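Data block below; observations after.
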Amino acid sequence: QDEYKPDKDLSEVDLKNAIRVHHALATKASDYSKKSNVLKLKTADWRVFLFQAPSKEEMLSWILRINLVAAIFSAPAFPAAICSMKKFCRPLLPSSMTKLGQEEQLRSHENKMKQIADELAEHKLHPVEKSLKSKEAEEYRLKEHYLIFE
């Protein structure tokens, strides 16, 4: 809501409150009906932001540009940490620029999407009892939430 002043230096608060768009996704907020021309931004750390654009055309432009920048700054994920316990760990998402070309990056995203879909299907084949409040049940829920979000 603050007015943008290009000659003003960014403060520590500005940098602390910046939204990192690596591995983020902008979409039309079709489930939000209070205002029109609202886009939803889901970030890598699972936060969700809503932004209202002045027009539908500008909203679509913002979505396109945010997703383009997000794609440029979304190098492939590092594998999750491996340990002797069967604890679920999310992979690390680097915020560096990708070294892949657009075609390679598209293939990488398509492969990742297929891998996540296969992993989710496999995960659902081995459910834990919903009534359990154990570590295994919590791990199962965390992994399922992650796979669905991805």
Side-chain angles (χ1 to χ4, degrees), residues 10 12-150:
L10 292 173
E12 190 175 319
V13 173
D14 292 331
L15 295 174
K16 185 177 157 188
N17 292 327
I19 301 170
R20 298 183 60 142
V21 296
H22 72 290
H23 297 274
L25 179 65
T27 58
K28 183 179 187 298
S30 53
D31 56 344
Y32 183 82
S33 59
K34 289 182 182 178
K35 296 184 179 187
S36 59
N37 307 318
V38 175
L39 66 108
K40 181 189 308 185
L41 177 66
K42 290 184 179 180
T43 63
D45 57 358
W46 300 12
R47 294 187 299 164
V48 177
F49 296 91
L50 297 175
F51 298 96
Q52 184 180 21
S55 66
K56 182 176 182 178
E57 294 76 24
E58 198 156 339
M59 177 194 65
L60 295 173
S61 174
W62 288 5
I63 290 171
L64 179 70
R65 291 166 194 264
I66 289 169
N67 287 335
L68 178 63
V69 171
I72 291 169
F73 285 94
S74 297
F78 297 124
I82 298 173
C83 64
S84 60
M85 297 170 44
K86 291 185 178 183
K87 184 177 180 185
F88 169 71
C89 295
R90 291 174 55 196
L92 300 172
L93 301 174
S95 58
S96 58
M97 289 184 74
T98 183
K99 290 180 174 59
L100 302 175
Q102 285 184 349
E103 290 295 319
E104 292 172 300
Q105 191 175 24
L106 180 60
R107 279 192 299 279
S108 172
H109 286 309
E110 288 170 343
N111 291 338
K112 188 66 176 175
M113 185 74 171
K114 182 180 180 339
Q115 176 192 349
I116 295 270
D118 292 346
E119 199 172 335
L120 180 59
E122 175 69 23
H123 180 74
K124 288 185 174 185
L125 287 176
H126 308 290
V128 296
E129 291 183 41
K130 298 279 184 188
S131 61
L132 290 178
K133 295 258 184 196
S134 66
K135 283 186 180 181
E136 293 85 20
E138 182 60 24
E139 291 293 322
Y140 182 87
R141 283 189 285 276
L142 282 173
K143 185 173 183 179
E144 185 173 46
H145 185 261
Y146 164 76
L147 291 171
I148 290 169
F149 182 85
E150 286 299 302

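Keep in mind that the numbers below use all heavy atoms, side chains included, and drop hydrogens, waters and symmetry copies. All values reported here derive from a predicted model rather than from experimental measurement. This chain uses plain numbering: 1 for the first residue, then up along the sequence.
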Take V48 and L41 through the test side chain to side chain contact (heavy atoms under 4.5 Å, CB included) and record every step on the way to the result.
-> CA-CA 6 Å; V48 177; L41 177 66; over 6 Å; no
To the nearest 0.5 Å, how far apart are OG in S36 and CD in Q52?
->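 Rounded to the nearest 0.5 Å, the OG-CD separation comes to 5.5 Å.
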From K35 NZ over to Y32 OH, what is the distance, rounded to the nearest 0.5 angstrom?
-> 5.5 Å
Please confirm whether the backbone N or O of M59 pairs with a side-chain atom of N37, one donor and one acceptor, at under 3.5 Å?
-> no
Do E119 and H123 meet the criterion of a side-chain donor-acceptor pair at a distance under 3.5 Å?
->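 No pair is found: no donor N or O on one side chain lies under 3.5 Å from an acceptor on the other.
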So salt bridge (Lys or Arg N to Asp or Glu O under 4.0 Å) across residues 57-68, not counting sequence neighbours, yields none
So, do T27 and K42 sit near enough that their side-chain heavy atoms are less than 4.5 Å apart?
->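 T27 does not reach K42 side chain to side chain.
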Taking C-beta and beyond as the side chain, do V38 and F51 meet within less than 4.5 Å on heavy atoms?
->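 No, their side chains stay 4.5 Å or more apart.
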Taking every heavy atom of A24 against every heavy atom of A70, the minimum-distance pair comes out as O-CB, 3.6 Å
So which heavy atom on I63 is nearest to which on L39, and how close?
-> CG1-CB, 3.9 Å
Listed partners of D118 passing side chain to side chain donor-acceptor pair (under 3.5 Å), at least two apart = K114
